[in-house]
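Once you've had a glance at the structure underneath, I'll fire off some questions.
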Amino acid sequence: MNSRKVRVRFAPSPTGGLHLGGVRTVLFNYLFAKQHGGDFILRIEDTDQTRFVPGAEEYIFNTLNWCGLVPDESPVHGGPFAPYRQSERKALYRQYAEQLVKDGYAYYAFDTTAELEQMRIDFKTTENPSPQYNQHIRTKMRNSLTLDAATVAQLLKEGAPHVVRIKMPEQETVHFTDMIRGEVSFNTSQVDDKVLLKADGMPTYHLAVVVDDYLMQVSHAFRGEEWLPSAPVHLLLWKYLGWEAEMPQWAHLPLILKPEGNGKLSKRDGDRLGFPVFAMDWIDPKTNELTIGFKQRGFLPEAFVNLLAMLGWNDGTDQEIFSLKELVQKFSMDRVHKAGAKFDYEKAKWFNHEWIKRTPARQLLKPVRQILGIYDPGTSSDPVLEKIIDLVKDRCTLLTDFAQQAGFFVALPEEVDTGAVKPKWDVKKNLFFTELLRTYQLSNTWEAASLEAGFKELAAANQLKPGELMLPLRIMLVGGKYGPGIFDIAAILGKEETLKRIELTLSLLEHP
RNA sequence: GGCCCGUUCGUCUAUCGGCUAGGACAUCUCCCUUUCACGGAGGAAAGACGGGUUCGAUUCCCGUACGGGCUACCA
């Protein structure tokens, strides 16, 4: 076993928004690192210039920041193993690729794209619909294994475009112990000769991940299950490069699946089913298309992190609500599931609701101000807003729900649903409210209990049932059939505002 | 097609050989609430299939079925 310091890395490619699965990988990396007093490092895998999307790297940082998963080392934070962008480490990879060729573990391949395509057509059969560049095919292609040394030297000298491919051994069994799956093994004759170094001199993921993990002294490598089939390539590379003793421990995380049907969760599913799959809003600079994020949908970062953690992990008890701090304490790799989990947006919203309920009003001040559009503390002071938040937060599942649940406190209702009272509206009720106006006008105190008492007294005097009058009052103050106790609302609204709204609606009901 | 991984209520999951199979979301019923929610009580709901091993299998092994992933000079 190695006693090295724990160092884990998350290495996204900047090709778009960070989706649920991506953030969960970050989370598990982070939790494991922090739990062991280790480092969580962020590396950017931007070796594919054709897919690189400007702005994506910054977006990744913003997401990590919002979630509270700040790396110890990264392209922006710096660190002892800089640079952390693969595009800036380009020169490094070539030398290792050459070393592999020299040692006979890899070879140059000069095949053109067209030749490769032709090969896939020529060797395609019903039994083998997708022929691979493997130990059989390579003997029929143009590479340093089939060409004589002089020709190869000449081609290289001429600068002929070429790639470096790993030479997979025949009939060897490669096996390793996955932290989640246990013993996993592969027969090398089943895996193809993957490209290690591309014609443009950039490494593929296979070479880069091994070289960088080695150089950056990564001790544990967590990634999605979709990487499992290429694990033998990486294992062999560690061995061929002579670094076997330093190889990190692997963990392949289960996939997050789409809610209906089967398959990996994709951005499309979110669009189709109406829920976010990205942590934060993502605008594709190529298409200008906006994909809504969990943040903008009204999720608290605590809830988002919590829901992600529970998608594939639990602590063995019935507890479901965990703070990030608690997760760091209780997380354990051996309780991560093997099977993929379908994403359930309803449950996700439940997590958010729980977090809104248990977050102190103070901490909700900022997001609520943003949603209500009141940035000026003068409009509504913090203490008042805190009172409002405490009154309504139980009925808010998303932060955006505060718009409806609390909007009427800070502004006149946009729409007053007079239709809800009009059918039963009559002279007696009109009279009652006119009198109520006078009573409230004269009252010295202005708090919920006395307002309610006065209301009921007056109702009795007019021989009306309070129940019939509460809804009209609610419509007057709130505008609709929702919100907390009506006298609590009136108390916060204040005398002037309350009377104003009653008068306003009263005239609306009289002169439609 | 090949290789790899997986399989407990509709969904997320507990169970590390003794199970009347527990919890949560969703759903249904009732209570609370003179709005809408929150909340409370309760109901319905699961071990893919077939073989072993064992006194005993959801749990261990094998096979089958089903699902998923990979099969690019993408990660």
Side-chain angles (χ1 to χ4, degrees), chain A residues 11-15 45-48 50-51 109 111-113 116 120 124-134 161-165 178 180-181 184-187 189-192 194-206 208-209 223-232 252 254-255 257 259-264 307 310-321 334-335 337-351 353-354 357 392-397 401 404-405 420 465-471 473-475 478 480-486:
Chain A
S13 69
T15 54
E45 315 221 316
D46 56 348
T47 53
D48 185 0
T50 60
R51 294 209 317 161
D111 317 283
T112 63
T113 314
L116 287 173
R120 290 192 184 104
K124 186 171 174 168
T125 59
T126 355
E127 297 84 52
N128 187 8
S130 44
Q132 300 185 294
Y133 204 117
N134 60 17
H162 64 278
V163 301
V164 174
R165 303 188 93 110
D178 187 275
I180 296 169
R181 270 149 238 285
V184 183
S185 64
F186 301 85
N187 186 323
S189 57
Q190 300 291 345
V191 348
D192 60 329
K194 291 273 181 238
V195 170
L196 263 21
L197 199 69
K198 300 186 259 187
D200 63 2
M202 280 290 203
T204 59
Y205 172 82
H206 306 296
V209 76
R223 54 179 14 171
E225 193 186 349
E226 69 268 28
W227 285 107
L228 207 43
S230 50
H252 290 90
L255 263 18
L257 276 10
E260 52 169 43
N262 295 298
K264 250 203 297 194
L307 103 234
M310 298 312 286
L311 225 45
W313 176 86
N314 72 82
D315 75 341
T317 72
D318 288 340
Q319 185 178 347
E320 293 194 86
I321 303 297
D334 53 15
R335 291 204 64 90
H337 308 145
K338 293 181 173 78
K342 283 187 188 180
F343 177 66
D344 180 357
Y345 188 51
E346 292 306 315
K347 183 93 185 213
K349 285 195 292 192
W350 175 79
F351 275 108
H353 191 189
E354 289 300 313
K357 280 194 287 184
V392 306
K393 69 178 184 172
D394 280 5
R395 42 209 345 131
C396 294
T397 298
D401 292 340
Q404 193 197 47
Q405 294 298 333
K465 283 187 216 150
E468 292 177 61
L469 303 164
M470 303 271 266
L471 184 64
L473 180 61
R474 174 170 296 280
I475 298 296
V478 176
K481 291 192 251 183
Y482 51 83
I486 194 62

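Quick note: numbers below take in every heavy atom, side chains included, and nothing from hydrogens, waters or symmetry partners.
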Check whether any side-chain N or O of A:Lys194 sits under 4.0 Å from OP1 or OP2 of B:rU71, and answer yes or no. no
Partner of B:rU29 by Watson-Crick or G-U wobble geometry, both contacts under 3.5 Å, or none? B:rA41
Rounded to whole angstrom units, what separation is found between the CZ atom of A:Arg165 and the C1' atom of B:rC73? 8 Å
Per atom distances to the A:Val163 side chain, the nearest of B:rG2, B:rC73, B:rA75 is B:rC73
Distance test, side-chain N/O of A:Lys198 to OP1/OP2 of B:rA75, below 4.0 Å: yes
Are A:Ile321 and A:Phe351 close enough, and set up right, to give a side chain to side chain contact (heavy atoms under 4.5 Å, CB included), and what steps lead you there? CA-CA 7 Å; A:Ile321 303 297; A:Phe351 275 108; 3.9 Å; yes
Suppose we screen for side chain to side chain contact (heavy atoms under 4.5 Å, CB included). Which residues come up paired with A:Pro129, at least two apart in sequence or across chains? none
Separation of atom CG in A:Asp318 from atom P in B:rG23, rounded to whole Å: 8 Å
Would you find a donor on one side and an acceptor on the other, under 3.5 Å apart, between the side chain of A:Arg120 and the backbone of A:Ser130? no
P atom, B:rA26 versus B:rC62: distance in rounded Å? 40 Å
Going by side chain to side chain contact (heavy atoms under 4.5 Å, CB included), name the residues that satisfy it together with A:Pro232, two or more places apart in sequence or in a different chain. A:Val174, A:Phe186, A:Val191
Residue set satisfying side chain to side chain contact (heavy atoms under 4.5 Å, CB included) with A:Asp315, at least two apart, ordered chain then number -> A:Trp313, A:Thr317, A:Gln319, A:Phe322, A:Lys330
What is the pairing partner of B:rU64, taking Watson-Crick or G-U wobble pairs with both distances under 3.5 Å in any strand? B:rA48
If we take the P atom in both B:rC16 and B:rU11, what is their distance in whole Å? 23 Å
Tell me what A:Asn128 touches on the nucleic acid: a base, only sugar-phosphate, or nothing, going by heavy atoms under 4.0 Å. base
With heavy atoms under 4.0 Å as the rule, sort A:Lys264 into base, sugar-phosphate or nothing. sugar-phosphate
Could you please name the partner base of B:rU8, counting Watson-Crick and G-U wobble pairs only when both distances are under 3.5 Å? none
A:Tyr205 side-chain proximity, nearest of B:rG39, B:rC3, B:rA75: B:rA75
One character per nucleotide, please: for nucleotides 28-35 of chain B, 5' to 3', B when the base has a protein heavy atom closer than 4.0 Å, S when only the sugar-phosphate does, - otherwise. ------BB
Give me the distance, rounded to whole Å, that separates B:rA44 from B:rU27 when you measure between the C1' atoms they each carry. 9 Å
To the closest 0.5 Å, what do you measure between NZ (A:Lys198) and CG (A:Asp48)? 4.5 Å
Contact class for A:Thr126 vs. all strands (heavy atom < 4.0 Å): base, sugar-phosphate, or nothing? sugar-phosphate
By the 4.0 Å heavy-atom rule, please label A:Phe186 as base, sugar-phosphate, or nothing. sugar-phosphate
Summary of protein contacts for nucleotides 7-14 of chain B, nucleotide by nucleotide, where a base hit scores B, a sugar-phosphate-only hit scores S (4.0 Å, heavy atoms): S---SSSS
Where the side chain of A:Glu346 is concerned, which of B:rA75, B:rC25, B:rU71 is the nearest nucleotide? B:rC25
Considering only the C1' atoms, how many Å lie between B:rC25 and B:rU64, rounded to the nearest integer? 34 Å
What form does the base of B:rC61 take, syn (within 90° of 0) or anti? anti
Listed partners of A:Tyr133 passing side chain to side chain donor-acceptor pair (under 3.5 Å), at least two apart: A:Asp111, A:Asn143
Is A:Val184 touching bases, backbone alone, or none of the nucleic acid, heavy atoms closer than 4.0 Å? sugar-phosphate
Between B:rC19 and B:rA57 - P atom distance, rounded Å: 14 Å
Heavy-atom side-chain contact between A:Leu471 and A:Lys481 under 4.5 Å: yes
Results of salt bridge (Lys or Arg N to Asp or Glu O under 4.0 Å) for A:Lys347 - residues two or more places apart only: A:Glu320
A:Asp401: what forms a side chain to side chain donor-acceptor pair (under 3.5 Å) with it, not counting sequence neighbours? none
Answer yes or no: does a side-chain N or O of A:Thr125 lie under 4.0 Å from OP1 or OP2 of B:rG1? no
Pick the P atom in B:rU54 and in B:rA14, then give their distance to the nearest Å. 29 Å
With a non-hydrogen cut-off below 4.0 angstrom, is A:Asp111 in contact with a base, only sugar-phosphate, or nothing? base
Mind checking what makes side chain to side chain donor-acceptor pair (under 3.5 Å) contact with A:Arg335, not counting sequence neighbours? A:Asn314
If you only use heavy atoms from C-beta on, which nucleotide in B:rG6, B:rG1, B:rC74 is closest to the side chain of A:Arg181? B:rG6
Separation of the C1' atoms in B:rG39 and B:rA45, to the nearest angstrom: 24 Å
List for me each residue that meets side chain to side chain contact (heavy atoms under 4.5 Å, CB included) alongside A:Thr125, sequence neighbours excluded, and say none if there are none. A:Glu127, A:Asn128
Closest nucleotide among B:rG1, B:rA75, B:rC38 to the A:His353 side chain: B:rC38
All salt bridge (Lys or Arg N to Asp or Glu O under 4.0 Å) counterparts of A:Glu226, not counting sequence neighbours: none
Could you work out the separation of B:rG1 and B:rU8 based on their C1' atoms and round it to a whole Å? 32 Å
Among B:rC73, B:rU71, B:rC5, which is the nearest nucleotide to the side chain of A:Leu116? B:rC73
Please check if the number of heavy atoms outside A:Lys124 that lie under 6.0 Å from its NZ is greater than 12. no
At under 4.0 Å, does any side-chain N or O of A:Arg51 touch on OP1 or OP2 of B:rA75? no
Which is true for A:Val195 with a 4.0 Å heavy-atom rule: it touches a base, it touches only sugar-phosphate, or it touches nothing? sugar-phosphate
Which atoms of nucleotides 40-44 of chain B (N or O only) lie under 3.5 Å from a protein N or O atom, and what are those distances?
none

Rounded distance (Å) that lies between atom C1' of B:rC3 and atom CG of A:Asp192: 11 Å
For B:rC55, give its Watson-Crick or G-U wobble partner with both distances under 3.5 Å, or none. B:rG18
Is the shortest heavy-atom distance from the side chain of A:Leu228 to the side chain of A:Arg181 under 4.5 Å? yes
